[in-house]
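Read through the structure below, which is laid out as structure tokens, and then see the notes.
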Amino acid sequence: MIATIEPRALAGEVRAISSKSVAHRLIIAAALANGQTELDCATTCDDIDATVRCLTALGARIVRTDAGYRIFPIPKSREKGILAALKGAVLDCGESGSTLRFMLPVACALGADAAFTGSERLGQRPLGELAAEIVAAGCDITGLGAFPLATSGRMRPGRFILPGDVSSQYISGILLAAPLLPGPVEILVRGRIESQPYVSLTVRALEAFGVSVRTRTFVGATAEEPQTLFIVEGEGYRTPGSLAVEGDWSNAAFWLCAGALGTAPLTVTGISPQSVQGDRAVTAALVLFGAKIMRGSGSITVRPDRLRGIRLSAKDIPDLVPVISVVAACAEGETVIEDCARLRMKESDRLATTTEMLRALGADVHIEGDSLVIAGRPALTGGTVRAHNDHRIAMSAAVAAIRAQGPVAIEGAEAVAKSYPAFFEHYRALGGSVICKEAI
């Protein structure tokens, strides 16, 4: 699909969609619990659907309701894991890295003897350190580096050792698997945990289902290498009966950045300023750029103002880099976004595709090592952008159209369905002009 967007400022009010990151974790916990759970989750997307599909393949019954989901758990026991009749399941993860990295250890903790499939790009994304720890705990994994990926055996409790600088999803995956094992689990993370807020989301999800997680932080071999120990006693998941998924900061960030680039205030409702979601940091970044922020009890309003270049680290906010880069491209002076190495391992190589997207629209941007360096300009030219099957590249290009002098055409715009199927509908509701046509 090609989406063509005319230059026009956005303004008004939009409600945040349900957090994809929170939904993944709560749906998995509910499917592993000891009884039925009602989950308030008003919106879905391709990635959430992938997690639901995998859990259903393992024997959960998940029913879509007007409010969200009614979830009946997978038949299992702590002593024997999944029922023998459910072994041999095929788990289609689509394009969702979270689904794969969470469900791989969960399936192994259940002893599911599963086969994982998904998109070609997802099969190529790294799993090495996570897979090595699962194998060390008694499972076999074959086919790493492509699909299908096959598992056999059941994971044992004990100590798992992971690096902190590769993917927080490895840590979250073992945490989600831990309550299923018949004994205590320790997860030792060496070095600073990048994207730490996502691990905090996982801990909160476990606690919502009655699982206690103890955390200790101490100095490693050197003072520069902290170590973190997570301890889970293996108590099993206990359903709270009902709970709700909070609003999504990652996708709200596109509207907040649009507000900073526009000519009138833009408000996002249904998000909590007290959330532990890491992408809540978008407001701090926008303040540094010079935008005006007003916080309500469940809303954020951004008022445009003179924007100036900044320097910031992407260690804890890698998903924000594409849209923050759009703001930088329209700010006075130079912006340097450091610590972008992990962007190379996303749905696309986002270090390369963000650079390509901005250059196609007339921005002055280049890569220096693991940093993006952007020289701001008053306006972008417009042009044609390839989304590279990456939802964040497609949505960032749409935000860039606000400051373009000509139309912005996004090839592969259907990628937004991965996390935000209603994105272009909401873009129009805020005053944008979007025409979508099937590619010939």
Side-chain angles (χ1 to χ4, degrees), residues 21-22 24-25 97-98 101-102 104-105 125-137 155 157-179 181 183-207 211-234 249-250 274-282 284-285 288 310-321 324 336-346 351 369-372:
S21 297
V22 174
H24 277 303
R25 292 158 170 81
S98 297
R101 289 166 174 168
F102 295 168
L104 180 63
R125 292 173 68 179
L127 285 172
E129 292 88 346
L130 175 61
E133 288 301 298
I134 293 172
V135 169
M155 211 158 71
R159 173 168 281 199
F160 297 80
I161 302 174
L162 293 167
D165 62 350
V166 178
S167 175
S168 66
Q169 291 174 349
Y170 294 178
I171 305 167
S172 289
I174 299 294
L175 281 169
L176 288 164
L181 300 178
V185 169
E186 294 184 346
I187 306 168
L188 178 64
V189 183
R190 290 177 169 162
R192 180 186 182 278
I193 300 175
E194 295 197 15
S195 298
Q196 166 71 50
Y198 287 102
V199 178
S200 298
L201 286 179
T202 306
V203 170
R204 284 204 173 186
L206 266 62
E207 291 173 346
V211 179
S212 61
V213 181
R214 289 183 287 141
T215 306
R216 291 176 50 209
T217 302
F218 48 94
V219 176
T222 68
E224 290 73 33
E225 187 188 66
Q227 297 196 19
T228 307
L229 184 67
F230 299 92
I231 303 170
V232 182
E233 295 297 336
W249 273 95
S250 295
Q274 287 76 45
S275 173
V276 299
Q277 293 179 55
D279 287 347
R280 180 171 61 91
V282 67
L288 289 175
I310 63 173
R311 180 180 290 267
L312 78 163
S313 169
K315 278 187 179 292
D316 288 331
I317 53 168
D319 289 342
L320 292 181
V321 170
I324 288 291
V336 179
I337 305 177
E338 301 170 322
D339 306 314
C340 294
R342 289 179 56 233
L343 270 70
R344 295 188 172 97
M345 300 182 290
K346 296 291 185 176
L351 201 53
D370 291 332
S371 298
L372 274 179

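Sequential numbering from 1 along the given sequence is applied to the chain's residues. Only a predicted model underlies this, so the values are computations on that prediction, with no experimental measurement involved.
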Using modelled atom types only, decide if a donor and an acceptor are shared between the side chain of Arg25 and the backbone of Ser172 within a distance under 3.5 Å. no

Could you walk me through whether Glu233 and Arg214 pass the side-chain contact (heavy atoms from CB on, under 4.5 Å) test, one step at a time? CA-CA 9 Å; Glu233 295 297 336; Arg214 289 183 287 141; 2.7 Å; yes

Side chains of Pro318 and Ser195: does their closest heavy-atom pair fall under 4.5 Å? yes

With a 4.5 Å limit on heavy-atom distance, are the side chains of Leu312 and Ile317 in contact? yes

Closest non-hydrogen atom pair, Cys340 against Leu351: CB-CD1, 3.6 Å

Compare all side-chain heavy atoms of Pro105 with those of Leu176 and state whether any distance is below 4.5 angstrom. no

Between CZ of Phe230 and OG1 of Thr202, what distance do you get to the nearest 0.5 Å? 9.0 Å

Test side-chain contact (heavy atoms from CB on, under 4.5 Å) on Tyr170 and Ile134 and set out the steps. CA-CA 11 Å; Tyr170 294 178; Ile134 293 172; over 6 Å; no

Smallest heavy-atom separation, Lys315 atom then Arg342 atom, equals O-NH1, 3.7 Å

Heavy-atom closest pair (Met155 atom, Leu181 atom, distance to 0.1 Å) is O-CD2, 3.3 Å

Could you tell me whether the side chain of Ile193 reaches within less than 4.5 Å of the side chain of Tyr198, counting heavy atoms only? no

Taking all atoms of both residues into account, what is the closest heavy-atom pair of Ile310 and Ala285, and its distance? CD1-O, 4.0 Å

Interatomic distance, CG@Leu206 vs OG@Ser212, rounded to 0.5 Å, equals 9.0 Å

Point-to-point distance, once rounded to the nearest 0.5 Å, from CD of Glu129 to CZ of Arg190: 12.5 Å

Give a yes or no answer on whether the side chain of Arg280 reaches the backbone of Val276 with a donor-acceptor pair at less than 3.5 Å. no

Rounded at 0.5 Å granularity, tell me how far CG in Asp319 sits from OG in Ser250. 5.5 Å

Do the non-hydrogen side-chain atoms of Val185 and Leu175 ever get within less than 4.5 Å of each other? no

With a 4.0 Å cut-off, would you call Arg344 and Asp370 a salt bridge? yes

Taking the side chain as every heavy atom from C-beta outward, state whether Arg204 and Val22 have any atom pair closer than 4.5 Å. no

Close side-chain approach of Arg192 to Asp316, heavy-atom, < 4.5 Å: yes

Check: Arg101 and Ser167 side chains under 4.5 Å, non-hydrogen atoms: yes

Test Ile174 against Leu130 for side-chain contact (heavy atoms from CB on, under 4.5 Å), laying out the working first. CA-CA 8 Å; Ile174 299 294; Leu130 175 61; 3.8 Å; yes

Arg311 side, atom CZ; Glu338 side, atom CD - distance, nearest 0.5 Å: 4.5 Å

If you measure from CG on Leu188 to CD1 on Ile161, what distance do you get to the nearest 0.5 Å? 5.5 Å

